[in-house]
**Q** 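Handing you this structure, nothing more for now.
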Amino acid sequence: MPSIGPIGNFDLVKKINMEHALSTILQYRPLSRAKIASLTGLNKMTVSSCVDLFVQKGFVVELGTTGTSRGRPPTLVDLNEKAGICVGVDIEINHFTVLITDLLGKKLDSKVFPLQSKDPFFFVETISNVLRDIVKDHGKRQLGIVGVGIVIPGYYNIRTDVVDFSANLQEWNDFPLQAELTKRVPDTTFYINPAPYAGAMGEVHFGGAKSADHLVYVTSSWGLSAGVYSKGELFTGSTGTAGRLGHSTIHMNGKKCTCGSRGCWEMYASIKALYELLDTTPQALTFAEIVEGIKRSDSRMTSAVHELGHYQGIGLANVINAYNPKFICIGGLLALLGPTLINSIWNTLREMIPERFLLNLEIYCSDLGELGIAHGGVSMVLRHLSGMIIEHSLLEQAKV
Ligand SMILES: [Zn+2]
């Protein structure tokens with residue numbers, strides 16, 4: 001019979017207390033030990049013992065005093081944001097972007113690397129070398145690399161641990177990305193997610209929907225997909241492919257889609273659709289030129305974006321009816337279309353949905369810019385920060 005003796009229970013209680021204390025520091029930082037005790041309900045001795053351990057290991061630092069109380073003012077404690085680094089990697093078809101941040105998600109560095117080959121092993125090899133260089137530069141920090149958030153231009157099957165489908169990088173389909181990365185960089189934790197999930201997390205953590213409870217993030221690089229976030233969790237579905245809303249039907253006998261169906265939303269509301277409306281290609285007209293055209297009220301481009309916004313609105317009406325979000329964030333290149341797109345979306349929504357269901361809703365374009373998705377990769381890492389710090393605290397303590 002397995003023994004679950006008092007030592008096991010003691011360790012478990014200690015771990016739970018540490019989690020309470022640390023998550024309170026992360027949420028309300030900086031604050032005093034007494035404040036942690038009052039917020040968590042833990043006694044002061046327990047809080048001090050947890051905080052002292054974090055301070056001793058260098059994960060938490062003691063700041064100055066509040067200076068607000070009589071007698072000896074309490075010392076404030078805060079996360080030591082320099083104790084480790086987070087890495088976010090945004091993979092696109094021809095290149096990938098690496099963002100390095102501190103433990104508060106503040107950018108330390110970012111760099112773009114070309115993907116000369118579509119072979120997934122080429123990416124694994126390149127990112128392994130990049131991570132080795134990062135370890136050289138930052139390895140002296142107590143936690144080193146806390147984790148790497150990898151954002152892929154497709155879906156990742158969380159049941160079989162392989163790339164499920166990437167329309168634009170089909171060479172990656174069924175590739176066991178997690179296993180291959182872990183083989184090359186064994187001491188690093190990887191979190192792999194599709195762009196719309198990372199985009200949603202990035203907005204909640206760093207963007208215009210900070211600390212929101214309910215958000216839908218819609219993005220289009222060429223196709224169209226959505227990430228649904230609700231109360232701290234992403235809605236992934238059973239295998240991690242939830243959010244393929246670009247393939248929801250908005251025209252029964254509409255245009256033929258790459259997925260085999262007809263009349264999919266992305267055939268009318270994506271970047272691909274915008275180029276069709278303008279009857280041109282990205283080679284002949286860059287996206288930056290379209291954005292410029294809208295700024296100077298070019299009638300052809302403005303009317304194309306209005307039509308795109310109308311179709312965006314039709315699809316978003318389905319999103320609103322299904323998920324009742326507080327925020328809808330338009331991300332990716334679509335975000336650059338700004339108020340011209342948002343106004344058209346609202347015009348269509350007001351025709352389709354009773355006003356009462358729109359009262360609580362805000363629709364905005366992401367302003368996180370070209371590092372938005374990489375920031376999403378970082379937020380995937382930061383979600384696990386307190387667990388990582390506690391694991392290291394207990395491990396280090398066990399060694400003593
Ligand atoms: Zn489709």
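Note that these values count all heavy atoms, side chains included, but never hydrogens, waters or copies made by symmetry.
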**Q** Please report the closest heavy-atom contact between Leu277 and Leu308, naming both atoms and the distance.
**A**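 Smallest interatomic distance, heavy atoms only, reads CD1-N, 4.0 Å.
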**Q** With a 4.0 Å cut-off, would you call Glu391 and Lys15 a salt bridge?
**A**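 So Glu391 does not pair with Lys15 through a salt bridge.
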**Q** Kindly give the heavy-atom pair with the smallest separation between Gly199 and Ile373, and that separation in Å.
**A**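 It is CA-CD1, 3.9 Å.
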**Q** Heavy atoms, side chains only, cut-off 4.5 Å: are Ile294 and Val305 in contact?
**A**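 Yes; the side chains approach each other to less than 4.5 Å.
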**Q** Working to the nearest 0.5 angstrom, can you tell me the gap between Ile250 CD1 and Leu245 CG?
**A**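 Reported to 0.5 Å precision, the distance equals 12.0 Å.
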**Q** Mind listing the closest non-hydrogen atom pair of Thr340 and Thr302 along with its distance?
**A**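 Scanning both residues, the minimum pair turns out to be CG2-CG2, 4.0 Å.
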**Q** Show the numbers, then the answer: is there a salt bridge (Lys or Arg N to Asp or Glu O under 4.0 Å) between Asp298 and Arg296?
**A** CA-CA 6 Å; Asp298 178 291; Arg296 58 165 202 274; 3.6 Å; yes
**Q** I would like to know whether Lys255 and Glu266 meet salt bridge (Lys or Arg N to Asp or Glu O under 4.0 Å); could you show each step before the answer?
**A** CA-CA 10 Å; Lys255 295 180 195 173; Glu266 75 170 38; over 6 Å; no
**Q** How long is the gap from CG on Leu224 to CE on Met267, to the nearest 0.5 Å?
**A**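 Separation between the atoms: 11.5 Å.
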**Q** What's the shortest heavy-atom distance between Ala335 and Ser366, and which atoms?
**A**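 Minimum heavy-atom separation between Ala335 and Ser366: CB-O, 3.6 Å.
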**Q** Parallel, tilted or perpendicular: which describes the rings of Phe123 and Trp172, with under 30° parallel and over 60° perpendicular?
**A**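 The rings of Phe123 and Trp172 sit tilted, inter-plane angle from 30° to 60°.
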**Q** Pick from Asn193, Asp161, Thr241, Thr239: which one makes a side-chain hydrogen bond (donor to acceptor under 3.5 Å, both in side chains) with Tyr156?
**A**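 Looking at Asn193, Asp161, Thr241, Thr239, the match for Tyr156 under the side-chain hydrogen bond (donor to acceptor under 3.5 Å, both in side chains) is Asp161.
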**Q** Show, in sequence, the C-alpha distance, side-chain angles and deciding distance for His310 and Thr348, and conclude whether the side-chain hydrogen bond (donor to acceptor under 3.5 Å, both in side chains) test is met.
**A** CA-CA 6 Å; His310 169 64; Thr348 297; 2.9 Å; yes
**Q** Looking at Tyr229 versus Phe235, is the centre-to-centre ring distance below 6.0 Å?
**A**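 No, too far apart.
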**Q** Is the shortest heavy-atom distance from the side chain of Ile271 to the side chain of Trp222 under 4.5 Å?
**A**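 They are in side-chain contact.
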**Q** Roughly how far, to the nearest 0.5 Å, is OG of Ser261 from NE2 of His247?
**A**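 If I round to the nearest 0.5 Å, the distance is 9.0 Å.
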**Q** Counting only heavy atoms from other residues, nucleotides and ligands, does the tally under 6.0 Å from OH of Tyr364 exceed 12?
**A**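 Yes, enclosed.
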**Q** For Asn43 and Thr46, does a side-chain donor sit closer than 3.5 Å to a side-chain acceptor?
**A**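 Thr46 and Asn43 do have a side-chain donor-acceptor pair below 3.5 Å.
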**Q** Is the ring centre of Tyr323 less than 6.0 Å from the ring centre of His214?
**A**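 They do not qualify: ring centres at least 6.0 Å apart.
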**Q** Does the ring centre of Tyr217 sit less than 6.0 Å away from the ring centre of Phe327?
**A**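 Between Tyr217 and Phe327, which both carry aromatic rings, the centre distance is not below 6.0 Å.
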**Q** Does atom NZ (Lys35) have a neighbourhood of more than 12 heavy atoms from anything else shown, all under 6.0 Å?
**A**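 No - once you tally the heavy atoms of other residues, nucleotides and ligands closer than 6.0 Å, there are 12 at most.
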**Q** Does Ile134 offer a backbone N or O that forms a donor-acceptor pair with the side chain of His138 under 3.5 Å?
**A**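 No; judged by distance alone, with no hydrogens or angles, the pair does not exist.
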**Q** Examine the side chains of Thr97 and Glu370 and answer whether a donor and an acceptor come within less than 3.5 Å of each other.
**A**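 No pair is found: no donor N or O on one side chain lies under 3.5 Å from an acceptor on the other.
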**Q** Taking CZ in Phe122 as the centre, count heavy atoms belonging to other residues, nucleotides or ligands within less than 6.0 Å. Is the count above 12?
**A**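 Yes, enclosed.
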**Q** Step through it carefully: locate the ring centre of Phe113, locate the ring centre of Phe96, and say whether they are under 6.0 Å apart.
**A**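 Close enough - the centres of the two rings lie under 6.0 Å apart.
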**Q** Could you check whether Glu81 pairs with Arg29 (Lys NZ or Arg NE/NH1/NH2 to Asp/Glu carboxylate O, under 4.0 Å)?
**A**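 Arg29 and Glu81: not salt-bridged.
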**Q** Looking only at heavy atoms, what is the nearest atom pair of Leu104 and Phe206, with distance?
**A**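 Smallest interatomic distance, heavy atoms only, reads O-CE2, 4.0 Å.
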**Q** Do His251 and Tyr268 have ring centres separated by under 6.0 Å?
**A**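 Ring-ring flag for His251/Tyr268: true, centres closer than 6.0 Å.
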**Q** Just wondering, do Thr219 and Ser225 contact through their side chains at under 4.5 Å, heavy atoms?
**A**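 When only atoms from C-beta onward are counted, Thr219 and Ser225 do touch, with a gap below 4.5 Å.
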**Q** Show the nearest heavy-atom pair for residues Val228 and Val216, with the distance to one decimal.
**A**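 Smallest heavy-atom distance, with atoms named: CG2-CG2, 4.2 Å.
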**Q** Assigning hydrophobic clusters by single linkage (Ile, Leu, Val, Met, Phe, Trp, Tyr; side-chain heavy-atom cutoff under 4.5 Å), is Leu368 placed with Val291?
**A**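 As far as the 4.5 Å side-chain criterion goes, Val291 and Leu368 are not connected within one cluster.
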**Q** Between Asp52 and Arg33, does at least one N-O distance fall below 4.0 Å, as a salt bridge requires?
**A**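 Salt bridge: yes.
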**Q** Any non-hydrogen side-chain atom of Asn343 less than 4.5 Å from a side-chain atom of Ile345?
**A**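 The answer is no; the side chains never approach within 4.5 Å.
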**Q** More than 12 heavy atoms of other residues, nucleotides or ligands under 6.0 Å from NZ of Lys326: is that the case?
**A**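 Count over threshold, so yes.
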**Q** Rounded at 0.5 Å granularity, tell me how far CG in Asn17 sits from CG in Leu22.
**A**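 That separation rounds to 12.5 Å.
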**Q** Flag the pair Leu143 / Leu103 as yes when at least one side-chain heavy-atom distance between them is below 4.5 Å, and no otherwise.
**A**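 Leu143 reaches Leu103 side chain to side chain.
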